[in-house]
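One structure, pasted below without further comment.
Atoms considered below: every heavy atom in the structure, side chains included; atoms not considered: hydrogens, waters and symmetry mates. Naming: A, B, ... by sequence-line order, numbering from 1 per chain.
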Amino acid sequence: MITVENLTKTFTQSNTSVAALDDVSLQVPDGSVCGVVGTSGAGKSTLARCIALLEKPDSGAIRVDGTDLVSLEGSKLRAARRRIGVVPQGDSLLRQRTAAGNVALPLESAKVPAAQRRSRVAELLDLVGLADKSSVYPDHLSGGQRQRVAVARALAAKPSVLLADEPTSALDPGTTDSVLTVLERARSELGVTVLVVTHDMAVVRRIADDVAVLEEGRVVEHGKVLDLVSEPGSRIGSTLLPETDQASTLQLDSGGHDVVAEVVLVGFAAVGALLPEASSRFGVELSILGGGLTRLGDTPVAKFRVGLSGERSESALKWMIERDAHVRRAPVSVDGVAA
Amino acid sequence: MSDVTPWSEVLELVRPATVETLYMVLMSTLVGVVGGLPLGVWLHMTSHVGLTPKPLVHRVLGAVVDVTRSIPFVVLLVVVGSLTRLLMGQAFGSSAAIVPLAIAAVPFFARLTSNALREVDSAIVEAAVTTGAGKFRIVWTVLLSEARAALVGAVGVTMLALIGYAAMAGAIAGGGLGATAILDGYNAYDDRVLYVSVVLLGILAWGMQLLTDWVTKLVDRRRAATNV
Ligand SMILES: Nc1ncnc2c1ncn2[C@@H]1O[C@H](COP(=O)(O)OP(=O)(O)OP(=O)(O)O)[C@@H](O)[C@H]1O
Ligand SMILES: [Mg+2]
């Protein structure tokens with residue numbers, strides 16, 4: 001569990017000061033993956049570096065599994081760092097050490113005996129799918145392989161949390177996938193709590209349970225991805241879900257329907273069956289005017305713009321809401337012009 | 001004008017001189033590395049890009065290193081002469097020459113070391129910091145290990161500089177190819193001895209550079225730029 005409370009960090013450089021973090025609070029529950037997104041300069045790396053204990057915040061608390069880490073020093077600080085695995089932004093492998101040698105570094109810091117070290121390194125390289133590259137030097141690995149070695153290194157000393165700063169930037173989609181798979185395995189097989197900084201929404205879509213949006217050093221949105229997508233006005237929702245293409249559908253179709261609504265459906269059951277069942281149960285004609293289907297992690301999620309015609313349209317909508325569909329009535333007037 | 005010295009006699013002269021030069025250069029390089037490496041690490045660690053910035057310590061250290069380095073070697077030779085007499089009991093011969101050579105080598109190698117360590121990518125150092133590594137481990141397994149190629153190069157540069165200094169020191173204190181070139185060659189109007197000594201000095205320097213390059217290649221695991 002990572003808890004960040006009221007974290008503030010200001011950088012001062014030649015008389016101008018930048019509030020990189022401005023009263024940031026967030027929580028990442030045990031064994032979950034939290035994505036931190038935001039535009040360049042929003043403070044994502046600063047947040048990750050504070051949690052990695054590389055940067056001292058001006059104020060606020062950082063707790064990993066309960067203990068506040070901000071004020072630690074000396075050997076206590078080093079011990080705390082061992083419980084936090086870090087995949088830094090950019091290349092960070094020792095170029096004069098093999099893949100195995102890099103993964104062994106945290107174990108050396110933790111004074112693990114050589115024999116144990118070797119078997120643990122082999123285990124980790126296996127986990128990231130690089131068992132055959134153990135004696136290869138970083139300059140002879142591909143970017144994606146290097147990044148996976150960095151993840152293996154971060155996991156070597158069995159940390160309870162893993163921080164990854166832009167682990168997939170500058171990688172193509174296929175390679176991105178291999179790195180994300182490794183992060184996901186860290187969570188599912190090792191139970192590690194993961195915080196991943198990214199500007200790539202595909203990363204959030206693939207592996208994040210939770211997401212925090214940073215803007216100018218402030219958290220402007222934070223919660224479970226599956227909750228946020230159904231919240232009206234959520235940036236995460238509007239970025240991750242299919243477009244419903246409001247303007248054109250309004251003009252084309254709203255006139256013919258008694259009710260036009262935007263429906264967000266989460267999960268297999270809802271996505272598969274809710275709309276047809278509502279239609280047949282209430283005898284209403286239901287047409288899909290826009291939107292589509294997507295997948296967030298393992299969960300199918302749909303966002304449709306639907307038009308309902310028939311006497312019991314209202315009841316059908318109410319029934320869907322009772323079954324956890326997120327319904328937002330489109331502002332439509334009878335003559336088909338947006339109110 | 002003397003007769004031309006026979007080759008066998010030239011050989012008699014330059015053989016021990018070569019050994020003396022090698023002895024002076026290698027011994028003072030050894031002292032230079034043993035003393036300069038920790039000093040260079042300290043210099044780097046206390047700098048503003050180091051792990052433990054200490055501006056005051058850094059400035060004092062830097063001043064000591066650079067002032068020593070900027071003393072012309074000839075001046076150092078003379079000044080250190082009395083100190084040498086104290087340490088070695090004599091101020092002549094190649095053993096005595098090692099003292100001023102070592103005094104020149106230590107700050108020289110320290111500055112080269114600190115420059116080499118500064119080139120290690122801070123992202124790599126930080127990554128090691130996040131593993132909970134202590135300062136000593138970071139110096140050893142990250143800074144020195146990652147800068148190994150530059151450090152071997154620095155040893156080479158130091159050796160080469162010391163060949164020149166040793167010739168100078170030898171000419172004054174006696175001993176080595178420098179002394180042979182000046183005393184037995186130039187002063188004795190013996191061109192053959194002079195040129196042979198100079199050529200041998202050149203070959204020594206060239207050989208040491210080759211050796212340095214070879215060792216560098218051996219220890220460096222980074223990929224070289226290719227041009228096929
Ligand atoms: N060491 C520093 N000194 C001065 N200013 C800094 C420093 N580190 C970060 N900043 C400033 O703090 C702000 C946040 O930087 P940060 O690196 O956290 O952004 P980011 O969200 O990670 O951006 P990116 O997506 O480009 O990596 C920026 O305005 C940056 O200029
Ligand atoms: Mg960043």
**Study point:** Portion of A/L77 that has a non-hydrogen atom of chain B nearer than 4.5 angstrom
**Key:** neither

Review point. So what's closer than 4.5 Å to chain A heavy atoms on B/V219: side chain, backbone, both or neither?
Key: backbone

Exercise for review: Check whether any side-chain heavy atom of A/R148 lies under 4.5 Å from a side-chain heavy atom of A/S178, and answer yes or no.
Suggested key: yes

Practice item. For each of A/R153, A/Q96, A/R81, A/R97, tally heavy-atom pairs with chain B at distances under 4.5 Å, and name the one with the top tally. Key: A/Q96

Check your understanding: Which atoms of A/L53 come close to chain B, meaning under 4.5 Å heavy atom to heavy atom: side chain ones, backbone ones, both, or neither?
Key ->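 Looking at A/L53, nothing touches chain B.
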
**Study point:** Distance-only polar pair, side chains of A/S75 and A/R78, donor-acceptor under 3.5 Å
**Key:** no

Point to revise | Distance-minimising heavy-atom pair for B/R221 and A/R95 | key: CB-O, 3.8 Å

Point to revise | SB check A/D91 A/R146 (cutoff 4.0 Å) | key: yes

Review point. What part of B/R222 gets closer than 4.5 Å to chain A, counting heavy atoms only: side chain, backbone, both or neither?
Key: both

**Study point:** A/N102 portion near chain B, given a 4.5 angstrom heavy-atom threshold
**Key:** neither

**Study point:** Pairing of A/R49 and B/E126 as salt bridge, 4.0 angstrom limit
**Key:**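 A salt bridge links A/R49 with B/E126.
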
